[in-house]
4 protein chains.
Amino acid sequence: MGKNRMEAFSDGVLAIIITIMVLEMKVPHGEGLIALTPLIPVFFSYVMSFVYIGIYWNNHHHLLHATKQVRGGTLWANLHLLFWLSLFPFVTGWMGENHFAAMPTALYGVVLLMASIAYWALARRIIAAEGETSLVARAIGRDRKGLVSTALYAIAIPLAFVQHWISLAIYVLVALTWLIPDRRIERVMAGHEAT
Amino acid sequence: MGKNRMEAFSDGVLAIIITIMVLEMKVPHGEGLIALTPLIPVFFSYVMSFVYIGIYWNNHHHLLHATKQVRGGTLWANLHLLFWLSLFPFVTGWMGENHFAAMPTALYGVVLLMASIAYWALARRIIAAEGETSLVARAIGRDRKGLVSTALYAIAIPLAFVQHWISLAIYVLVALTWLIPDRRIERVMAGHEAT
Amino acid sequence: MGKNRMEAFSDGVLAIIITIMVLEMKVPHGEGLIALTPLIPVFFSYVMSFVYIGIYWNNHHHLLHATKQVRGGTLWANLHLLFWLSLFPFVTGWMGENHFAAMPTALYGVVLLMASIAYWALARRIIAAEGETSLVARAIGRDRKGLVSTALYAIAIPLAFVQHWISLAIYVLVALTWLIPDRRIERVMAGHEAT
Amino acid sequence: MGKNRMEAFSDGVLAIIITIMVLEMKVPHGEGLIALTPLIPVFFSYVMSFVYIGIYWNNHHHLLHATKQVRGGTLWANLHLLFWLSLFPFVTGWMGENHFAAMPTALYGVVLLMASIAYWALARRIIAAEGETSLVARAIGRDRKGLVSTALYAIAIPLAFVQHWISLAIYVLVALTWLIPDRRIERVMAGHEAT
């Protein structure tokens, strides 16, 4: 029941999150290039969060494409994921305005970590409803890539207090590995449709 | 006629409400953990409102799933509900910024009360259009849970001036009872589809 | 072609307009009831604009329901309507903050006037594409109600400089006459579906 | 796979961009007409950006209408386009507030240039997936109009430092040529549907 409306609501929330983040880049008062200088870290922070929300939208899209039915519990698991993603504008703005200082960079990692756990929980709940032999279960598999990402976020959080550029490098690196859409699902789907 | 577009519009409004509430958590200027301290009540207030909007989306989703047709009056009953829900960002921000003081906590309860009445009015109007023997009428029934919630909000409002933590506890308690999606509708629908 | 996507885009824009207007009600700093006093005119202004956007959404919904096809020119006529509606948050905030002073009240009327002309232009363009004997042409007819509303807005604008409460009374009155959805379309559609 | 959801997400993002731009027109504190004077360039800037986002929505709509299938790479090409369009509120506000000074006007041109390149890249990727003989390939053709626009943006950027009104005139001129929806696609589609 109601898979379409859950997708529509998620699309709406993700579209708003990705767009209101740009409001954290306050229009400067000066007209010269110099007026933009303080915005450079905010801009970089915005680009990274845009890519992350894009990744989540992309994977969410693939995950639900392979899903057949949605139950009450799935709706809440989905809202739980959206909750953590809704904190992106806040942590993006805080990290950008403070030039990637230790504490904001660590908090950014906390939101990344919680979102990745929430995504994993959503996927598990869908698989629990559809069975281990379902299309979505085969497509996700053991989700090694997701688990490695989660572990890397967990490592990056304390590292921010040692050397915050390392944490940032980890966030960028993980994002780059996800820019490639989830080929596993596409492959299983293609195999499924070919049969 | 037009049930899909009413759902799409409601999804859009609810998605925006749930997301712009986060804008009330203003990005602080300091970079330390101490800079986040004043935001703790705002964050707690945000979490509670996120859950409430989630509950409304969830129940709205189930209600319309059981609905067969939409008339002019239903569109206005739906807009009336959305109006009260649109006040959530305001009362959430006011209550959070004032550390759950009596007056803001009471006003939060007024919005909860009015929204629950508006939801009840929407459900009644749909049932009036579809008949007391319709699927949606059987699914909603006498809606004891909704009536109890409405009564609890009405009690919590004056209580805020006696001891505002009691009102807050009531809001949290009612939210928890609704976190479980409306199984009655799911049950009636399942029975209906099985036949 | 593409009627669905034009509806979806319009729903999105209208949902955002109706929701971001609430952001003009800035959360006050004080915690007492007195802190809300300056917001009373802003709130009244918000309610009126909420009803107006609701009316436009409702009528837009009915208009497109009777429409069969959408062409390039229709998309632009629709964007033209959305442009004027997008100015609602601005004029709503300006009028509310200045307690319905002459100039803001007149400007509010200008936006109402332009939006009603844009709606009429959209309806005309759809009828031009579908023919004078089409369902939508019969449903809209000569649109006497729309023409009277447009005329009343045009009268209310200069009146704001004589006595701004009269202009406001006109806006409220016209809104009340539209709260009733466009029964003409519903009637023609019902007749059409019965045949 | 998933063309509908990519359209829905794009509609959401474009609807939000086009609407939040209006938030850059801050409600003035005075009640007289004089209070609006500083907003005139911001308003003109808003109108131009509204038209540009409208153009992108229109062309995007036509492009995807002719598209049959969407792959992972297409989703990212689409997000890349949305990224550049998401910068419109920022550059619109900056250009308007600084009365079309050289640097903000040049930066506005940079965003226009990057968005037009991103649109071209999206179209190429769709064509690469569907083949040079596909409907969408025939509809887009060599896209001379798009290439000329891109070239004009590239010329307008350095010109802003010579005489910023020339750059602005170029932006307005290009927008006017695009107000006419992409008749090529409509023509090819019509021919296709007639066969």
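The chains referred to below are lettered A, B, ... by the order of the sequence lines, with proteins before strands, and numbering in each begins at 1. Basis for what follows: all heavy atoms, side chains included, without hydrogens, waters or symmetry-related copies.
Contacts between Ile18(B) and chain A at a heavy-atom distance below 4.5 Å involve the side chain alone, from C-beta outward. The parts of Leu14(B) that come within reach of chain A are both its backbone and its side chain, each placing non-hydrogen atoms under 4.5 angstrom from that chain. Contact of Leu39(B) with chain A is made through the side chain alone, with heavy-atom distances under 4.5 Å. For Leu85(A), no part lies near chain B; criterion is any non-hydrogen pair under 4.5 Å.
Residues Val70(A) and His61(B) fail the side-chain proximity criterion, which asks for heavy atoms closer than 4.5 Å. Here the side chains of Leu64(B) and Arg5(A) are in contact, with some heavy-atom distance below 4.5 Å. The side-chain heavy atoms of Glu7(B) and Phe9(A), taken from C-beta on, include no pair separated by under 4.5 Å.
The distance from atom CD1 of Ile16(A) to atom CD1 of Ile20(B), rounded to the nearest 0.5 Å, is 8.5 Å. Here the CD atom belonging to Glu31(B) is positioned 13.0 Å from the CG atom belonging to Leu107(A), to the nearest 0.5 angstrom.
Your options are Ser10(B), Ala15(B), Gly54(B), Gly32(B), and the one with the most heavy-atom pairs under 4.5 Å with chain A is Ala15(B). Contacts with chain A were tallied for Gly12(B), Ala35(B), Pro28(B), Gly30(B); Pro28(B) has the most, counting heavy-atom pairs under 4.5 Å. Ranking Leu33(B), Val51(B), Val22(B) against chain A, the residue ahead of the rest is Leu33(B), based on heavy-atom pairs under 4.5 Å.
Using the six-membered ring where Trp is involved, Phe83(A) and Phe43(B) have ring planes that are tilted, between 30° and 60° apart.
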### Task
Please assess Met25(B) against Trp94(A) for the test side-chain contact (heavy atoms from CB on, under 4.5 Å), listing each intermediate value before the final yes or no.
CA-CA 11 Å; Met25(B) 282 208 294; Trp94(A) 200 39; over 6 Å; no
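Here the shortest heavy-atom pairing between Phe50(B) and Leu82(A) reads CZ-C, 3.9 Å. The two residues Ile55(B) and Trp76(A) come nearest to each other via the heavy atoms N-CH2, 3.6 Å. The minimum heavy-atom distance linking Val27(B) with Glu24(A) is given by the pair CG2-OE1, 3.5 Å.
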